[in-house]
Amino acid sequence: MTPAVEQVSILEARRHVARSERVTVLTGAGISTDSRIPDFRGPNGVWTKNPGSEKQATLQNYVADPEVRRRAWSNRLDSPIWSAEPNDGHRAIVHLERTGRLHLLITQNIDGLHHRAGSNPDRIVEIHGSVREVVCLECDYRAPMAVALARVRAGEADPECGDCGGVLKSATISFGQNLVHEDLVRAEAAAKACDLLLAVGSTLSVYPIAGVVPVARRSGAKVIIVNAEPTEMDALADTVVRGSISEVLPVLVGARALDRTSP
Ligand code: NAD
């Protein structure tokens with residue numbers, strides 16, 4: 001049986017969702033763990049298990065150290081992202097959009113699974129970029145990741161930009177790298193304009209994007225947080241739902257009934 005207290009918070013959160021007309025959703029790595037992509041800071045997270053790997057995720061290290069780049073390309077070859085499929089959490093957000101209530105989907109994820117689930121690209125802001133493309137850090141070159149990975153497989157351990165010979169990198173935002181200004185402006189505007197902010201599967205500790213939660217709150221929106229563990233912003237939420245995202249989210253958006261007898 002789902003614990004009574006969890007059922008109460010799910011029902012309360014579902015009422016908030018049903019009453020809202022403009023929902024801004026913020027998703028983090030937790031929505032993709034049920035698609036077998038590990039998060040960073042959850043109990044089985046990549047950084048929880050190997051704290052040293054967080055340091056390698058800085059732009060400065062990537063640019064300065066060819067060995068860091070070689071390791072990044074070689075790790076990327078067998079990333080779980082390439083075989084991952086969207087799960088019921090991603091599909092629940094598609095359902096929310098089809099009922100006309102999704103204002104904007106802001107994702108911290110770089111895996112592209114919201115696109116693959118069928119969310120409208122015009123309503124998605126990938127605030128930390130996407131791993132499905134590569135960019136040159138020196139010129140405007142941009143290409144599908146598959147093209148770069150084919151070069152790595154063919155023997156180029158650290159492929160250079162085909163146009164200018166510059167350093168190639170996934171089109172993601174590393175630590176030490178600025179966010180895309182227009183994306184941040186859109187995200188903040190959506191936090192101000194929504195009547196409900198739904199934060200899903202994020203520790204809400206990565207700034208500036210975690211700041212959309214207090215912005216929405218100050219603008220009068222309800223705040224719902226769905227996460228398996230406490231987050232930095234639980235105190236700001238009207239309702240916190242502690243549980244598995246792929247089970248909880250379909251119920252919150254009305255795509256599935258609450259199963260009161262499931263374990
Ligand atoms: P995070 O790793 O800091 O935290 C994930 C949170 O989700 C944790 O609190 C964890 O307890 C919770 N969680 C994990 N699986 C869950 C589940 N099935 N149900 C309920 N809760 C679950 O994630 P973050 O705050 O998004 O920040 C990490 C940064 O790293 C992101 O900004 C992103 O750029 C990047 N990242 C992306 C991916 C991806 O694209 N899938 C994966 C790892 C990291």
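The figures here come from the full heavy-atom set of this structure, side chains too, leaving out hydrogens, waters and symmetry mates.
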Query raised in the report: Do any N or O atoms from the side chain of Gln177 and from the backbone of Ser174 form a donor-acceptor pair under 3.5 angstrom?
Result: yes
Query raised in the report: If you group Ile, Leu, Val, Met, Phe, Trp and Tyr by side-chain heavy-atom gaps below 4.5 Å, do Ile173 and Val185 land in one group?
Result: no
Query raised in the report: Are the side chain of Ser130 and the backbone of Arg132 linked by a donor-acceptor contact shorter than 3.5 Å?
Result: yes
Report task. Apply side chain to side chain contact (heavy atoms under 4.5 Å, CB included) to Trp82 and Met145, showing your working. Result -> CA-CA 10 Å; Trp82 312 131; Met145 173 60 79; 3.6 Å; yes
Query - Test item: side-chain donor near acceptor, Lys222 and Thr239, under 3.5 Å - result: no
**Report entry** Derivation of the salt bridge (charged side-chain N to carboxylate O under 4.0 Å, His left out) call for Arg15 and Glu12
**Finding:** CA-CA 5 Å; Arg15 270 197 300 277; Glu12 186 180 289; 5.1 Å; no
Query raised in the report: Would you call Asp158-Arg69 a salt bridge at under 4.0 Å N-O?
Result: yes
Query raised in the report: Is Arg142 reaching over with its side chain to a backbone N or O of Cys136, donor-acceptor style, under 3.5 angstrom?
Result: no
Query raised in the report: Is there a path of hydrophobic side-chain contacts, each under 4.5 Å between heavy atoms of I, L, V, M, F, W or Y residues, that connects Val17 with Leu105?
Result: yes
Report task. First locate atom CD of Glu188, then atom CD1 of Ile209, and finally report the distance between them rounded to the nearest 0.5 Å. Result -> 7.0 Å
Report task. Kindly say whether Val125 contributes a backbone atom to a donor-acceptor pair with the side chain of Arg186 at under 3.5 angstrom? Result -> no
Query raised in the report: Are there more than 12 heavy atoms of other residues, nucleotides or ligands under 6.0 Å from atom CZ of Arg116?
Result: yes
Query - Distance (rounded to the nearest 0.5 Å) between Leu26 CG and Gln108 CD - result: 5.0 Å
Query raised in the report: Does Arg70 reach the side chain of Asp65, with side-chain heavy atoms less than 4.5 Å apart?
Result: no
Report task. Apply side chain to side chain donor-acceptor pair (under 3.5 Å) to the pair Thr27 and Thr107, showing each step before the final yes or no. Result -> CA-CA 5 Å; Thr27 64; Thr107 186; 2.7 Å; yes
**Report entry** Linked, directly or transitively: Leu149 and Val147 (ILVMFWY side chains, under 4.5 Å)
**Finding:** no
Query raised in the report: Can Asp234 and Arg242 be said to form a salt bridge (charged side-chain N to carboxylate O under 4.0 Å, His left out), step by step?
Result: CA-CA 10 Å; Asp234 286 0; Arg242 194 77 68 232; 3.1 Å; yes
Query raised in the report: Between the main-chain N or O of Asn61 and the side-chain N or O of Thr58, is there a donor-acceptor pair closer than 3.5 Å?
Result: yes
Query raised in the report: What are the two closest heavy atoms between Ile106 and Ala187, and how far apart are they?
Result: CD1-CB, 3.7 Å
**Report entry** Nearest heavy-atom neighbours spanning Arg123 and Leu104
**Finding:** O-CD1, 3.4 Å
Requested in this report: Answer whether the closest heavy-atom distance between the side chains of Pro121 and His115 falls below 4.5 Å.
Outcome: yes
Report task. For the pair Glu126 and Thr172, evaluate side chain to side chain contact (heavy atoms under 4.5 Å, CB included) and give the outcome as yes or no after the intermediate values. Result -> CA-CA 9 Å; Glu126 291 177 304; Thr172 54; over 6 Å; no
Requested in this report: Indicate, with yes or no, if Val8 and Val223 share a hydrophobic cluster defined by side-chain heavy-atom contacts under 4.5 Å among Ile, Leu, Val, Met, Phe, Trp and Tyr.
Outcome: no
**Report entry** Smallest separation among heavy atoms of Cys139 and Cys164, with atom names
**Finding:** SG-SG, 3.7 Å
Query raised in the report: Distance from Ile124 atom CD1 to Ser119 atom OG, nearest 0.5 Å?
Result: 5.0 Å
Query raised in the report: Taking atom types as modelled and ignoring hydrogens, do the side chains of Thr99 and Arg101 form a donor-acceptor contact shorter than 3.5 angstrom?
Result: yes
Query raised in the report: For Leu236, which of Val213, Ile225, Leu204, Thr231 qualifies under side-chain contact (heavy atoms from CB on, under 4.5 Å)?
Result: Val213
Requested in this report: Tell me yes or no: between the side chains of Asp88 and Ser246, is some donor less than 3.5 Å from an acceptor?
Outcome: no
Query raised in the report: Do Leu197 and Ile224 pass the side chain to side chain contact (heavy atoms under 4.5 Å, CB included) test, and can you show the C-alpha distance, the side-chain angles, and the key distance before you say yes or no?
Result: CA-CA 6 Å; Leu197 189 289; Ile224 298 175; over 6 Å; no
Query - Donor + acceptor pair across side chains of Ser32, Asp111 (<3.5 Å) - result: yes
Query raised in the report: Can you name the nearest heavy-atom pair linking Lys192 to Val215, along with the distance?
Result: CG-CG1, 3.7 Å
Requested in this report: Go through Ser35 and Asn87 one step at a time and tell me if the side chain to side chain donor-acceptor pair (under 3.5 Å) criterion holds.
Outcome: CA-CA 6 Å; Ser35 296; Asn87 64 55; 3.0 Å; yes
Requested in this report: Taking all heavy atoms of Leu59 and all of Gly176, pick out the closest pair and write down the distance.
Outcome: CD2-O, 4.1 Å
Requested in this report: First locate atom CG of Leu113, then atom CD1 of Ile81, and finally report the distance between them rounded to the nearest 0.5 Å.
Outcome: 7.5 Å
Query raised in the report: Taking C-beta and beyond as the side chain, do Leu179 and Asp183 meet within less than 4.5 Å on heavy atoms?
Result: no
Requested in this report: Please tell me if the side chains of Ser74 and Val152 come closer than 4.5 Å, counting only heavy atoms from C-beta onward.
Outcome: no
Query - Charged N-O contact under 4.0 Å between Asp195 and Arg19 - result: no
Query raised in the report: In terms of side-chain heavy atoms, does Ser170 have a donor or acceptor partner in Glu133 at a distance below 3.5 Å?
Result: no
Report summary line: Between the SG atom in Cys161 and the CD atom in Glu138, the distance rounded to the nearest 0.5 Å is 8.0 Å
Query raised in the report: Would Leu258 and Leu249 show up in the same hydrophobic cluster when neighbours are defined by side-chain heavy atoms closer than 4.5 Å?
Result: yes
Report task. Find out whether Ser244 and Asp34 are in side-chain contact, i.e. whether some heavy atom of one side chain is under 4.5 Å from a heavy atom of the other. Result -> yes
Report task. Might you work through the side chain to side chain contact (heavy atoms under 4.5 Å, CB included) test for Thr24 and Val212, ending with a clear yes or no? Result -> CA-CA 10 Å; Thr24 292; Val212 297; over 6 Å; no
Requested in this report: Could you tell me which non-hydrogen atom of Leu198 sits nearest to which non-hydrogen atom of Val226, and how far apart they are?
Outcome: CD1-CG2, 4.1 Å
**Report entry** Sub-4.5 Å side-chain heavy-atom contact between Glu160 and Leu168
**Finding:** no
Query raised in the report: Roughly how far, to the nearest 0.5 Å, is the NE2 atom of His90 from the CD atom of Glu85?
Result: 11.0 Å
Requested in this report: State, with a plain yes or no, whether a side-chain heavy atom of Ile31 is found less than 4.5 Å away from one of His114.
Outcome: yes
